[in-house]
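Below is one structure, written out as structure tokens; the observations come after it.
Each chain gets a letter, A, B and so on, in the order the sequences are listed, and its residues count up from 1. Values below: all heavy atoms of this structure, side chains included; hydrogens, waters and symmetry mates excluded.
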Number of protein chains: 2
Amino acid sequence: MSQAPEQAIVGGVLEAIAEHRLKAGVKLGEQDLCEIYHCNRAHVRRALATLEAQKVVKLEPNRGAFIATPTPEEARNVFQARRAIELVIARNVVRQASAEDVARLREHVEQEHLARQSSDRRDAIRLSGRFHLILGEMCGNEVLDEFLNELVMRSSLIISMYSASQAPLCGDEEHALIVDAIAQGDEATLMERIEHHLRHLERSIAIEPTNASPDLKDILQAPGR
Amino acid sequence: MSQAPEQAIVGGVLEAIAEHRLKAGVKLGEQDLCEIYHCNRAHVRRALATLEAQKVVKLEPNRGAFIATPTPEEARNVFQARRAIELVIARNVVRQASAEDVARLREHVEQEHLARQSSDRRDAIRLSGRFHLILGEMCGNEVLDEFLNELVMRSSLIISMYSASQAPLCGDEEHALIVDAIAQGDEATLMERIEHHLRHLERSIAIEPTNASPDLKDILQAPGR
DNA sequence: CTACACAAGATTGTTAACAATCACAACTGT
DNA sequence: ACAGTTGTGATTGTTAACAATCTTGTGTAG
């Protein structure tokens, strides 16, 4: 089977969520997706099944597919799971990080800094979440990496749903401090910083759902695609 | 949309894996599944997409769907992830378990004991894995519970793939000792026992793939379905 | 103005048919 | 006997069409 259309749809939806272009509760109409991705409905329906298995989308019988809307309890569960996973990932990273790994992380933090200064908010959001995903890639355990990917995506939905104003970014210096601890091989400090960072992120989210129903075509066909 | 056929297929496959009736590498033909579950191919293809998203099945273009075959590295990653997840779950359980929870766990351990004595191996296997899933249900965090479900399922595949002889069950008394620690609210002991138990299970698996290609109809239409 | 009923269009659910690809058996040549 | 080629049937990939359900707009009554 050719999975190209399915992969394009799944990847496009996940990316739009990561960049906060696609919000919780938005309806993903089958025909809309067919037109956006130029494919047959069978591909769309399969991609939606995949997205549902990944907790990205909720399929409602006879009504269609909607981006998931996490409850407050689910939000708390996601952040607890994140702390569990990211602490293990961090431990793996600090134990095996090479000089190249550290340089890559520093480079990424620098890019975050530049994106903030250039007021490119979408880029800053993407890079902010991406920092955590790079740690997952480096930890040497693909299972943990996959879980982290799912948790970061679900965090994105939670953030876009429960942030009254603009989505909060990770603290300005917190990523840099995390990289410092990795570079120094200081496991205890690293764990503290990761825990502090994630609790800080969780506290920065107020429980206020925002409402939005933007144009699907604009979102999924973002500039640069 | 009516998800009944899709759910039946996904549930049936997962259950067959948990009971070691369905082994790593087995081909799941679309037409076979249509006949077994009396549904149209569209349902089968969607269920297979779901199973792939859950890492249960690997879809190969133009060749079909095969039960996943974890590599040795993946096996190690799964067990490391399991230790990370199950330790957090255990901590949650010991902090919030009620008297009813403890009674439920003791009842379950007793059932495991009876299944072992009655030589009902399939039941013993199912109950053995189920003990861990009950802890997940009790931990009050559905995200962790979902991850645990996936990890236990993948462990089942690893066990059925890498065990040269009969699938090892969890140690005879280890579950009972875990329940004791929960009953006594002894968090430190519980964590030790969980860690020891999981490392014991991991060590009991030899890296010897077994080969089998049994009849799909017999497996998915097990007695009692 | 509000509430209810009905109809029409939109959307999702389902199926069957055809196209494309692969696996395997049979045949041929060395 | 073994290796290579070809053909056939099986299986997967894809599409379109029809059925079923839902949503929305319009009309009517109070």
Can you see if the side chain of [X] gets near the phosphate of [N] - specifically, an N or O under 4.0 Å from OP1 or OP2?
| X | N | answer |
| --- | --- | --- |
| Arg41(B) | dA16(C) | no |
| Arg63(B) | dA23(C) | yes |
| Lys27(B) | dC22(C) | no |

When the distance from [atom1] of [X] to [atom2] of [N] is rounded to whole Å, what number comes out?
| X | N | atom1 | atom2 | answer |
| --- | --- | --- | --- | --- |
| Asn62(A) | dA10(C) | CG | P | 18 Å |
| Glu60(B) | dA23(C) | CD | C1' | 13 Å |
| Leu59(B) | dT14(D) | CG | P | 12 Å |
| Arg45(B) | dA16(C) | CZ | P | 16 Å |
| Glu30(A) | dA17(D) | CD | P | 17 Å |
| Glu6(A) | dT12(D) | CD | P | 15 Å |
| Tyr37(B) | dT14(C) | OH | C1' | 20 Å |
| Gln31(A) | dG9(C) | CD | C1' | 14 Å |

Checklist line | Residues, nucleotides or ligands: over 12 heavy atoms within 6.0 Å of Glu137(B) CD | finding: yes
Check: Does CD belonging to Glu73(B) count more than 12 external heavy atoms closer than 6.0 Å?
Finding: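 Open: at most 12 neighbouring heavy atoms sit under 6.0 Å from CD of Glu73(B).
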Notebook entry, point to check: Below 4.0 angstrom, N of the basic side chain to O of the carboxylate: do Glu74(B) and Lys55(B) qualify?
Noted result: no
Check: Hey, which of Leu144(A), Leu14(A), Leu133(A) is the one that makes side chain to side chain contact (heavy atoms under 4.5 Å, CB included) with Asn149(A)?
Finding: Leu133(A)
